[in-house]
Structures are given as structure tokens and as C-alpha cells.
Protein chains: 2
Amino acid sequence: MAPPLSRRLLPPTLRALRRCYSASPASKAVIYDEHGAPDQVLRVADVPPVELGERDVCVRMLAAPINPSDINRVEGVYPVRPPLPAAVGGYEGVGQVHALGPAVTALLAPGDWVIPSPPSFGTWQTYIVNHQSVWHKVRTDVPMEYAATVTVNPLTALRMLQDFVKLNPGDAIVQNGATSIVGQCVVQLAKVHGIHTINIIRDRPGSEEAKDKLKQLGADEVFTESQLDIRNVKSLLGALPEPALGFNCVGGNAASLVLKFLRQGGTMVTYGGMSKKPVTVPTSYFIFKDISLQGFWLQKWMNSDKADDCRTTIDYLLGLVHEGKLKYEMEVSPLTDFSLALEKAMGKHGSHPKQVIRF
Amino acid sequence: MAPPLSRRLLPPTLRALRRCYSASPASKAVIYDEHGAPDQVLRVADVPPVELGERDVCVRMLAAPINPSDINRVEGVYPVRPPLPAAVGGYEGVGQVHALGPAVTALLAPGDWVIPSPPSFGTWQTYIVNHQSVWHKVRTDVPMEYAATVTVNPLTALRMLQDFVKLNPGDAIVQNGATSIVGQCVVQLAKVHGIHTINIIRDRPGSEEAKDKLKQLGADEVFTESQLDIRNVKSLLGALPEPALGFNCVGGNAASLVLKFLRQGGTMVTYGGMSKKPVTVPTSYFIFKDISLQGFWLQKWMNSDKADDCRTTIDYLLGLVHEGKLKYEMEVSPLTDFSLALEKAMGKHGSHPKQVIRF
């Protein structure tokens, strides 16, 4: 995994000498000095210019999302997080090449769009200087908010569809939390590969509208949890095959519903716990139904051998965005509105699409 | 998998003609006509002689255990069970070759000890007639109660140690329900392979004695559940490595304790649910600790390709018994005491060793 997006401060005299050709402009960053409630500890601060090493690239950030894992890192409840104090928030995003160190060999030119790949700490700032190997050039014919968010959520969806169970066209999967961005990506990526999706969503005002939206994205079936409060959920499958793979990002009852749908020998992959309730499994599911339970964490996957083709996969996903086969709602706000966007991302103003900061 | 140990009834005249050379003696069997409480529905009945086919072998049963799964089959709560009415109980056991059909090619002679392998329904009877392919000849220099019980419990222990995680000498595993026969076999088989065991047992009168017994079998550490009611159970590991593999036959809190011991990326295999409580897993265990949960069921394993070497494995296990490296307590009773043995097996008279019926 690449090192954190560090900022090497220049001594003032040297900085003055080299600013024009080998240092970043002064930057603004969203930083925190201690863990705590993000709306308490995060602040926008001025950051001095940073020297470019021989093979460094200075990138002017265009956009970066506020993901739930970013919030968890600031809270300090995430097992991997940047060192304090003066940690810069954010983990993924897209930027434009601003300047190149004199010995950069990567095929990069000013104006190119690049993303840190694998993603790494500190994307919530206007300028980032880091080694050329950190940056992956991406196409510019997609909305920048998609390039900014392609790694964490769409890549999670694709990996979970491909890495646990061998699926063939015509097979089915089941998932809860289907209205989440990962959930929406699962629906669309499954459709691209000919896989049917059975989707479980919360009971709440607007659930009918949410069902329609998911069906427009290609969902085969969408149920609210209360609709599944029956003995034999499989009677609802109709012509769909019993799913061999399930995704759980909720826990509690919603995880039990995924398990109920799974076929003999099926696998449930847990990648989130939105309900903050654990996963509870009757013994008979393990013994007689031969169910396997596993977890997926993108940050761990990024450290594995399998991540070698990460950039190829990102290009594939952005290709799908370009073709209109992968989409999800986002709300883009300027850095000056960071506080409000953060509150929305934290759910303090009801339901909102994913919040993306434009720098 | 072999067909059930069926009994083909002879017409009376033919039976009289052929009894001396091609039919079994009349037999006594423990049968049930409907599912229910085993002490209500099971009865010892006379069964008429059975014709021997060309390649059939008539076996005089010597001994068969009353396993918990036998009880569950009679109760009707087990997903696989023999058809009613007149189902004969029992699933494993050992017998002595009594007579051979005229075209038997297997290297069997009267007096040889044989076990049904894979095990199959109907071992609770004095004579069984079945195809030669059902019977596996075993050594006679071990106590017959071990030959009668080698398949279900010791084989489960060995398969769980070998089929889920690649263990090397010096590694450790953790298990609950360690005083069960499978648990005792796990301790001893692990020791044979240089694997350390961390064992969890119930808090109950006599738990200190149970600890001593397990340590005499080779257990490295034995804890009662209440001893593990601390924040950091791993502080108790001392020089032992964190276990990569755990076995759960209890559920509830005892399963959570196994999970607490497991190392990053570890696997817990569930093969029983003695507490009748489900397995509850915090989301973080899946995502950040990368724990996998799987199940093991011998009856399913027997239907898999992996079961091809079942008989070789049985011979290996009986070899360990012969060498004194695999032992567990059993109580042997005559068929006339079946009712009492059944009550003991059902836990109606406190704690008893495994009940084995001698025919």
C-alpha cells in the first residue's frame, strides 16, 4: 500500500526559492488534531507549500467524497487511521496534475485527471504532493464526482461479486442495505454480468419510491424487511434461482433475512453494520444448511496480492459510468460548505445522497 | 452413500428352506414407528430372518453407540432419517461376519469384525444383512466399543482439524465443549500432530476434575467460561500462538469465546449447538478481524468426494486407539438394558459417559 499522502514542509527560504517550479501552492485542508465527533474536531486550515521531490507529482484536488469510513476514522473507531495531530481527512478523490518533479517518468501531464490508487489518507485538501507511483491517470469524460468516488464503493461491490462465489449468468444474489451506494452498484454490476438481484430495504416512508428506483437500476426483486416477516421467504423467489451469495451491510434482522434466502451451501459476506446489531446465526444453518460467513474490507483487500489489478478494475468501472451502466446520486458542495456537507453525511438532516466536496 | 441397512423379509416357506445357509437368524432390533421422545417411541422388537443376496453379508452386531444424532433422528428433528414405520435406530456400530452370500468377493470370513462404512441407518439390531460393499473389515485388537464408535466422533474431530485450515506443528486451535467425545478426540489428535489446544468448558461442579482429565489427554490450556469473562482473553495465551482455527459445538457465549481467541483471519467451524443458543458475531469480527464461519456435518461429508479415503482414515484412527493415543470413556450395557442406557444418553440421570449397547 502507498504511504499516506504526506506533506513535507519546506524551510521558508528554500520554499521561497523553489515555489515557482518545485513546490506546491499553499493549500487548504480539512484536518483534525484529535479523535472525536467529526463536526467537533474537523476544521479547514491553511497548509504551507510542500516541496516536490524528483519524482513527485503535485495534484490540485478536484473532488473527494465524505464516506462513512472517513467519519469513522475521524471518530477513531476505525482500526486504520492516519497519525495525529494534523491528520488530513479523506481517503479517495480525484485531482488534476498541477506540476511534475523533474524526474517524473509516469505518462502524466498537467491537466490530466488522477486518483490516488490504492486510495490513501488525506484527500481532503486542495493540493497534494506525492510520489508518481501513487497516482493513476483516469479518463476525463465522466463527471468528476464519479472519478472521485469510484474506488471505495463501486470497487467494493465488484470485488464482492467476483471474489467469494463463482457466479454464472442466470444466478442470483441477495443483499440488504440495497439503497446504499454499494447496494446500487451491486444491482447494476450484477445486471451487467447477467446476475439476478434480490434486494432488501428498510421499512420507512418512501420505501415504495426506493423500490422503483432500484428496479429502474435493474433490480429483479425488492422487499422491505416487513414483507419478509413470513415463514418461507423462498416462496417469493418465483422463477429466480435460490441465491448462492448474499451481502450484508446492516446486521441484526436484515442479516438474518439474507441468510434465510441463501441456498444450501451459500455464502454471506458482511461488509458493514449499519444497524449496529450483530449477526446472529442459528446453529442449524452452519451444520445442515452448510452456510459460510465471511467478511470484506476494501482496505485489507488493497493490501493483498489480488489488488494488483486494482487500476485496471477502476478503468473498467469508469468505463461503465461512461456508458451509463453505473450511476448513483451524489450531492456536490464547495469546500466552503464542508460543515453542512459533513452534517448531511452524518445523517443529521435526514436522508441525503452521498456528499462530495468540490475543491 | 450406501443404502440404508434394509431388511428384506422372506416369504415363510422360502425362509424355512433357506434359513440354514442363506438367511440371517431371527433378530432383535430397537425400532420406532413414529417420531417423538425416544424413551416413548423406541421399543425392542423381534425381527424375522432376512434373505441373503448373492453378494450380501450377514453380520452379527457386537456393539453400537447411542449418539446425540441418533436421538435427534428418532425425535424427527434431524434433516436426514430413515423412513417410517419400523425404522431401526442407530447409525454406526461394529459386528462380526456371521455368513456370506455365495458370490461375495470381498476378503471377509466369518468372525471378522466389520463396520458399516460409511455408517448408515439401522445399527441397533442383532443381525444385519447388507451388500458386501457396505462393510469395512477392521482390526480386532481394540476394544469393540471403539470400533463401534470410531466413525462419528473421532472422524469428525480429525476432519475438522484437517479440512478447514492448514495447520503446522506448533500452531494452536481453540474449542468449546472440550469434554465431549469429539472435544477429547480433538485434544488427542491435535497432540499427535503437534498442534496446541486451548479448551473451553462449562462452569459446573467437577470442572476442576474435568480440567485435569483434559490435561492428561494432552490439552495445553483449559478454561471455564467464567474464567474467560475478561476483556483480553489473549493475555491468557502465554507462549501459545493465537489460534487460526476454532471449533464450536455449544453456541451462545461459548461460541463468542472461541471467536475472541481466534487470530486475525481465523476460522470457526460449528458442528453442534448444545446450548440451543445461536452464534452471535459482531460485524467488526467479519470486517476488521476477517473471521470466517463455517459448518461441519459428517453426514454431508460422507456424501462428498473427500469421503473416498474414509476407510483408510478409520484404520488410522483405530491404529491410534491401539497405540493408546486415542481414548475416551464409554459405558457398555447389554441390549436388555437399552431403556436405561437411552435415558443416560438423554441426560436424564446426570452426566454419564457415552452409552454403547452390546448385542
Side-chain angles (χ1 to χ4, degrees), chain A residues 68-69 72-73 77-81 156 160 163-164 176-177 182 246-256 258-259 262 264-301 303-304, chain B residues 68-69 72-73 77-81 156 160 163-164 176-177 182 246-256 258-259 262 264-301 303-304:
Chain A
S69 51
N72 294 152
R73 279 194 199 86
V77 299
Y78 217 63
V80 181
R81 41 189 192 255
T156 292
M160 292 199 303
D163 290 354
F164 291 90
N176 61 30
V182 173
F247 302 137
N248 163 47
C249 66
V250 182
N253 179 56
S256 301
V258 168
L259 291 172
L262 282 185
Q264 181 85 20
T267 297
M268 182 172 84
V269 177
T270 290
Y271 69 98
M274 290 196 300
S275 73
K276 299 194 190 296
K277 288 179 187 153
V279 174
T280 300
V281 192
T283 296
S284 62
Y285 276 34
F286 289 118
I287 303 180
F288 303 135
K289 209 175 161 184
D290 195 25
I291 297 295
S292 294
L293 274 70
Q294 297 189 257
F296 180 81
W297 187 27
L298 188 72
Q299 196 156 342
K300 186 208 150 218
W301 182 85
N303 289 319
S304 74
Chain B
S69 51
N72 293 153
R73 277 194 200 89
V77 300
Y78 217 63
V80 181
R81 42 190 191 253
T156 293
M160 293 199 303
D163 290 354
F164 291 91
N176 61 30
V182 173
F247 302 136
N248 162 48
C249 66
V250 182
N253 180 55
S256 300
V258 168
L259 291 172
L262 283 185
Q264 181 85 18
T267 296
M268 182 171 83
V269 178
T270 290
Y271 69 99
M274 291 197 298
S275 73
K276 300 193 189 298
K277 289 179 187 152
V279 174
T280 301
V281 193
T283 296
S284 62
Y285 276 34
F286 289 117
I287 302 180
F288 303 135
K289 208 175 162 184
D290 195 23
I291 297 295
S292 293
L293 273 69
Q294 298 188 255
F296 181 80
W297 187 27
L298 188 72
Q299 196 156 343
K300 187 208 151 217
W301 182 85
N303 288 320
S304 75

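Here is the naming used below: chain letters follow the sequence lines, and residue numbers restart at 1 for every chain.
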Could you tell me which residues satisfy ring-ring contact (aromatic ring centres under 6.0 Å, His included) with B:Tyr78, sequence neighbours excluded, listed by chain and number?
->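 Once residues adjacent in sequence are excluded, the partners of B:Tyr78 under the ring-ring contact (aromatic ring centres under 6.0 Å, His included) criterion are A:Phe288, B:Trp297.
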Looking at A:Ser284, A:Pro282, A:Gly295, which one has more heavy-atom pairs under 4.5 Å with chain B than the rest?
->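 Option with the top pair count is A:Gly295.
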So which of A:Gly272, A:Gly251, A:Cys249, A:Ala255 has the largest heavy-atom pair count under 4.5 angstrom toward chain B?
->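 Most heavy-atom pairs within the cutoff with chain B belong to A:Gly272.
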Among the listed options B:Thr280, B:Val269, B:Leu298, the residue most often paired with chain A at heavy-atom distances under 4.5 Å =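 The answer is B:Thr280.
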Return the option, out of B:Val80, B:Asn248, B:Thr283, B:Thr267, with the maximum number of heavy-atom pairs under 4.5 Å with chain A.
->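 Going by pairs under 4.5 Å, I would pick B:Thr283.
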Part of A:Ile287 lying under 4.5 Å from any heavy atom of chain B =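 Both backbone and side chain of A:Ile287 come within 4.5 Å of chain B.
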With sequence neighbours excluded, residues passing salt bridge (Lys or Arg N to Asp or Glu O under 4.0 Å) with A:Lys277 =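 Not a single residue meets the salt bridge (Lys or Arg N to Asp or Glu O under 4.0 Å) criterion with A:Lys277.
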Between CG of B:Leu293 and CD of A:Gln294, what distance do you get to the nearest 0.5 Å?
->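 Those atoms lie 9.5 Å apart.
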